[in-house]
Participant: 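Please find one structure pasted underneath; my questions will follow.
Computation of the quantities below employed the complete heavy-atom set of this structure, encompassing side-chain atoms and omitting hydrogens, waters and symmetry-equivalent molecules. Here is how names work: the chains are called A, B, and so on, in the same order as the sequence lines, proteins then strands, and each is numbered from 1. Since this is a predicted model, take the numbers as computed values, not measurements.
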Amino acid sequence: MEYDFSSIERKWRTRWQQELTFRAQNNSKKEKFYVLDMFPYPSGSGLHVGHPLGYIASDIFSRYKRHLGFNVLHPMGYDAFGLPAEQYAIQTGQHPAKTTQENIDRYREQLDLIGFSFDWSRQVNTSDPEFYRWTQWIFIKLFHSWYNKAIEKAEPIETLIRHFETEGTANLNAVADDYQDFTAEEWKAFPFMQQREILLKFRLAYRAETVVNWCPALGTVLANDEVVNGVSERGGHPVEQRKMKQWSLRITAYAQRLLDGLDTIDWTDSLKEIQRNWIGRSQGAQIRFAVKDHDAEVEVFTTRPDTIFGATFMVLAPEHELVSEITSSDQKKEIASYLEYTKSRSERERMSETKKVTGAFTGAYAINPITNTEVPIWIADYVLAGYGTGAVMAVPAGDQRDWDFARHFNLPITPVIEGQDVSDGADERKDGTMINSDFLNGMQVPQAIQTIIDRIEELGIGKRKVNYKLRDAVFSRQRYWGEPFPIYYRDDIPFTMDEDKLPIVLPEINEFKPTEDGDPPLGRATRWNWDRENGKVIENGKGFPIELNTMPGWAGSSWYYLRYMMEGNKETRAKEFVSAEAVSYWKQVDLYMGGAEHATGHLLYFRFWTKFLHDMGYLPFDEPANKLINQGMIQAEDGQKMSKRYGNVVNPDDVVAEHGADALRLHEMFLGPIEMHKPWNTKGIEGVSKFLRKLWRLYHNGDDFAVTDEKANKDELKALHKCIQKVTEDLDRFAFNTPVSAFMVAVNELTDLQCKKREILEPLTILVSCHAPHIAEELWSRLGNEDSISEVAWPIFNEDYLKDDSITYPVSFNGKTRFQIELPADMGREEVGKEVLAHEVAQKWLAGNAPKKVIVVPGRIVNVVI
RNA sequence: GCCCGGGUGGCGGAACUGGUAGACGCGCUGGAUUCAAAAUCCAGUUCUGGCAACAGAGUGCGGGUUCGAUUCCCGCCCCGGGUACCA
């Protein structure tokens with residue numbers, strides 16, 4: 001009988017499903033191992049061959065770990081809320097829930113065909129009320145928390161209220177919006193609503209007027225990571241900066257911990273680097289400059305306070321609050337027209353025209369607090385309102401942008417470091433000896449920085465300061481297909497709904513567009529079922545108004561990995577988002593597989609929520625995933641991105657139908673290293689198909705299964721153990737491509753040896769079973785085993801089988817002649833440096849020409865030099 | 001611009017911490033089997049010269065360290081990714 005992959009695969013697919021072969025147990029004595037894939041967004045186009053790449057690798061690893069005796073959690077689910085389903089709904093009127101469910105069913109069919117060992121009993125769906133009630137619950141926790149910088153930890157808001165009640169804002173070290181100081185007495189005297197308003201400045205989930213990315217085409221705001229090059233990531237629509245009242249999460253509170261945590265986890269350097277850059281820590285000083293003839297101060301942030309003697313002018317962002325206050329009457333007109341100009345420039349224009357030097361003089365002067373000299377204050381849009389203090393001390397000698405500005409407006413340029421050449425550009429050197437800098441003269445830059453900061457702090461005109469590029473994450477979307485906020489308003493002050501009223505179920509509406517009044521789609525809902533238990537209904541508009549925004553796509557994915565840990569029936573699962581027992585058993589994800597495109601989005605929020613839940617005492621760890629592998633993209637054969645739009649999509653179903661799932665799995669792994677981008681090619685799949693047929697034939701003679709119980713000989717054992725060693729070592733270092741080569745070598749050698757011995761073929765089957773599980777299960781059962789191969793112990797490697805009696809080593813003599821010297825087999829790595837032995841051996845062969853120096857290097861070669 | 005990766009046959013790619021470069025697969029060439037084809041099997045396949053044995057060169061380019069470098073160091077070129085007035 002020939003190898004009939006389609007019936008074999010169908011048989012085992014069904015068997016695994018019926019017997020729940022891959023169900024993980026929470027109460028297990030075994031050591032745990034958690035392998036997670038980034039769950040897919042179920043799009044209408046289904047899976048193409050690129051999607052399963054990571055799933056195949058993680059599945060291989062899960063199966064490998066099961067063989068090693070681990071209790072493996074390997075779940076899958078759907079990131080089901082999101083824009084495309086809603087855009088589709090707007091066009092067709094089809095409810096997103098309906099299309100989403102259809103897509104999920106299609107995904108499941110496709111995934112099942114590839115033979116993954118997922119524990120489907122734990123499936124999550126972020127758009128399922130049973131799931132998002134907990135997303136809402138976590139939001140409530142964020143709302144009722146603040147960040148205590150003194151202990152670097154989030155705390156319940158009650159501790160902040162207690163602080164206010166006892167000492168007001170004195171001795172408070174919190175991450176918060178700007179606030180006015182007050183005493184305990186004042187706090188107690190504030191009306192209730194005012195207290196609530198103040199607390200909002202501290203909450204980790206807060207609503208505030210902020211500059212946000214507004215996308216008119218999508219009709220919603222977007223987070224920074226959802227905007228790429230000034231256009232929306234989804235759809236590529238233009239985005240503008242707008243001041244709007246929006247929900248945000250105070251991720252900036254965690255900036256330092258998100259940075260530090262990177263050193264504790266095993267992610268790729270490039271991904272860590274992306275996150276580091278995104279967080280963008282910079283260390284320097286904040287310095288206040290008095291404004292001449294005004295009761296005002298301009299505060300600047302600089303990483304180079306040592307260059308303060310070269311600060312020949314100041315620049316404020318056009319949006320800076322002092323601009324109108326300090327502008328002199330004769331400059332009013334010029335400033336007004338410049339403000340007009342900057343407003344007219346779109347974000348895109350501003351970003352693409354960074355070379356263009358523009359600005360205007362306010363007519364005001366600042367007093368340099370160190371030199372007491374007067375410097376003019378300008379405004380320009382190269383200074384950003386959102387970073388630092390929105391103002392800079394311009395040092396044209398050491399900063400190219402300042403230099404360009406100085407040249408353009410004819411402002412003085414003073415070098416402050418010896419040898420600084422400013423004739424045709426700034427000299428941005430970070431070391432050297434200070435000049436033109438009074439008491440700093442003669443110092444080296446690092447020393448000057450310390451000295452000047454000390455002086456600034458002494459004088460009380462500023463302080464050491466660390467800034468981050470990271471911004472708080474805008475959390476509301478003017479959209480329908482997302483989690484509703486568990487929020488209602490009293491006098492425009494947000495209040496959370498009771499936890500036991502969750503979930504706040506997404507109400508039915510019949511059109512998915514914004515309302516005529518410009519409210520988000522949820523404004524169309526006339527009835528909100530927000531009290532499930534008692535079936536109470538409050539009407540929108542009556543009672544208290546409810547938040548009409550929904551949460552962004554990344555809300556559910558920020559914690560979904562915890563939900564997989566929950567076991568049990570509906571009632572158990574309805575009790576808590578994840579049980580303490582489950583979390584203390586499964587802990588972090590041990591291997592997380594997914595695309596690097598989530599570096600500044602999901603992977604940051606995912607870490608942020610984990611740290612928050614850790615602070616709240618729900619999790620015994622504060623990083624979600626220990627090891628992360630970014631699988632590369634599979635492109636079309638021309639190297640283009642595989643997409644429905646380009647019509648170059650290869651459907652895995654077709655590949656499975658033609659070559660089988662095992663061949664698809666082997667081929668995807670064999671294309672190259674998992675992290676690399678690589679084009680799909682159909683040619684190579686013949687190679688792995690051929691391998692599978694050879695493997696099958698190894699166990700058969702014609703139609704008959706023909707495995708014997710004969711004792712294996714040396715050569716056969718060697719072929720097997722070479723394979724065990726290679727595959728085990730490779731899998732241990734997360735290499736999924738090279739084991740395929742090892743299988744091929746082994747099968748070729750065993751075919752040459754005509755080996756049909758159980759002693760060899762049983763372990764070989766286990767080795768192959770991670771990559772090609774269907775054929776392995778079939779051969780395993782033909783070998784007379786009743787249970788699934790999936791948890792059979794991994795073969796043990798024995799080095800003895802690889803040893804030869806003697807090995808022949810080449811020797812290069814005098815760099816010219818080559819000699820073959822036969823060395824004893826036990827002369828391996830441990831012989832390093834033992835020149836005498838090698839000398840003797842060499843001498844024996846080089847009779848008479850005794851070498852001066854012989855060096856034996858691990859395992860292999862003897863070089864002889866005369 | 002800055003920060004990370006990476007450059008190996010006709011192609012995808014091996015080579016663990018410096019130790020016989022090109023494993024394995026694809027493709028190609030020749031052969032066996034076949035009436036023929038498919039499938040299968042065998043041999044060859046880095047380049048140059050040679051019928052061959054063999055010799056020389058060879059891991060983007062130029063230097064260096066080393067008995068020995070794809071691997072380590074310095075300079076340059078090219079490709080991919082991230083980021084972009086972040087003071």
Participant: Between A:Thr600 and A:Thr738, which residue's closest nucleotide on RNA chain B lies nearer the 5′ terminus?
Facilitator: A:Thr738
Participant: Over how many whole Å does the gap from A:Leu470 atom CG to B:U83 atom P extend?
Facilitator: 14 Å
Participant: Less than 4.0 angstrom between a side-chain N/O of A:Asn630 and OP1 or OP2 of B:G5, yes or no?
Facilitator: no
Participant: Is the phosphate of B:A87, meaning OP1 or OP2, less than 4.0 Å from a side-chain N or O of A:Tyr382?
Facilitator: no
Participant: With a 3.5 Å distance limit and no angle check, can you tell me whether A:Gln275 reaches the backbone of A:Ala599 through a side-chain donor-acceptor pair?
Facilitator: yes
Participant: From the list B:G82, B:A15, B:C24, which nucleotide is the closest neighbour of the side chain of A:Ile274?
Facilitator: B:G82
Participant: Would you measure the distance from the C1' atom in B:G5 across to the matching atom in B:C85 and give it in whole Å?
Facilitator: 26 Å
Participant: Counting heavy atoms from C-beta on, name the nucleotide in B:C24, B:A87, B:U40 closest to the side chain of A:Thr302.
Facilitator: B:A87
Participant: Suppose you measure atom C1' in B:C4 against the same atom in B:U59; what distance do you get, rounded to whole Å?
Facilitator: 23 Å
Participant: Quick check: does any side chain N or O of A:Arg471 sit under 3.5 Å from a backbone N or O of A:Lys469, one acting as donor and the other as acceptor?
Facilitator: yes
Participant: By nearest atom, which of the nucleotides B:C42, B:C41, B:A87 is closest to the A:Asp752 side chain?
Facilitator: B:C42
Participant: So what does A:Met676 touch, heavy atoms closer than 4.0 Å: a base, only the sugar-phosphate, or nothing?
Facilitator: sugar-phosphate
Participant: Taking the side chain of A:Met744 as its heavy atoms from C-beta onward, which of B:C24, B:C86, B:U40 lies nearest to it?
Facilitator: B:C24
Participant: Donor-acceptor pair, A:His771 side chain versus A:Leu666 backbone, under 3.5 Å?
Facilitator: no
Participant: Using the P atom in both, what is the distance from B:U70 to B:G22, to the nearest Å?
Facilitator: 12 Å
Participant: Which of these nucleotides, B:A14, B:C3, B:A87, is closest to any side-chain atom of A:Arg401?
Facilitator: B:A87
Participant: Between B:U45 and B:A53, how many Å separate the two P atoms, rounded to a whole number?
Facilitator: 10 Å
Participant: Given the ring of A:Trp278, does A:Arg607 sit roughly above its face, with NZ or CZ under 6.0 Å from the centre of the six-membered ring and within 45° of the axis?
Facilitator: no
Participant: From the set B:C86, B:C42, B:C41, return the single nucleotide nearest to any side-chain atom of A:Leu384.
Facilitator: B:C86
Participant: Starting at the 5' end of RNA chain B, write a dot or bracket for each base, bracketing those in Watson-Crick or G-U wobble pairs whose two distances are under 3.5 Å and using | for partners on another strand.
Facilitator: (((((((..(((......[....)))((((((.......))))))((((....))))..(((((..]....))))))))))))....
Participant: I'd like the C1' distance from B:U33 over to B:A39, given in whole Å.
Facilitator: 11 Å
Participant: Nearest whole angstrom, please: distance from the C1' of B:G13 to the CD of A:Glu668.
Facilitator: 16 Å
Participant: Since syn is defined as within 90° of 0, does B:G9 count as syn or as anti?
Facilitator: syn
Participant: What do you reckon, is CD of A:Glu597 surrounded by more than 12 foreign heavy atoms closer than 6.0 Å?
Facilitator: yes
Participant: OP1 or OP2 of B:U40 less than 4.0 angstrom from a side-chain nitrogen or oxygen of A:Arg693, does that happen here?
Facilitator: yes
Participant: Mapping A:Leu671 and A:Leu271 to their closest nucleotides on RNA chain B, which lands nearer the 5' end?
Facilitator: A:Leu271
Participant: Choosing from B:C24, B:G13, B:C85, which nucleotide comes nearest the side chain of A:Pro673?
Facilitator: B:G13
Participant: Between A:Lys469 and B:A87, is there a contact of a side-chain N or O with OP1 or OP2 at under 4.0 Å?
Facilitator: no
Participant: Hey, do the aromatic rings of A:Phe313 and A:Phe409 have their centres closer than 6.0 Å?
Facilitator: no
Participant: If we take the P atom in both B:U48 and B:G10, what is their distance in whole Å?
Facilitator: 9 Å
Participant: What does A:Arg281 touch in the nucleic acid at a heavy-atom separation under 4.0 angstrom: a base, only the sugar-phosphate, or nothing?
Facilitator: nothing
Participant: Picking from A:Ile674, A:Asp730, A:Leu53, what satisfies side-chain contact (heavy atoms from CB on, under 4.5 Å) with A:Phe736?
Facilitator: A:Ile674
Participant: Return the nearest nucleotide to the side chain of A:Trp278; candidates are B:U83, B:G13, B:A87.
Facilitator: B:U83
Participant: Report the nucleotide, chosen from B:C3, B:A87, B:C41, that has the shortest atom-to-atom distance to any side-chain atom of A:Glu273.
Facilitator: B:C3
Participant: Taking only residues two or more places apart in sequence, or in another chain, which ones meet A:Glu297 in a salt bridge (charged side-chain N to carboxylate O under 4.0 Å, His left out)?
Facilitator: A:Arg288
Participant: Need one value for A:Lys690: base, sugar-phosphate or nothing, where a base atom within 4.0 Å counts as base even if backbone is also close, heavy atoms only.
Facilitator: sugar-phosphate
Participant: Does a nitrogen or oxygen in the side chain of A:Asn737 sit under 4.0 Å from OP1 or OP2 of B:A14?
Facilitator: yes
Participant: Scan residues 389-406 of chain A for pairs that pass salt bridge (charged side-chain N to carboxylate O under 4.0 Å, His left out), counting only residues two or more places apart or in two chains.
Facilitator: A:Asp399-A:Arg401
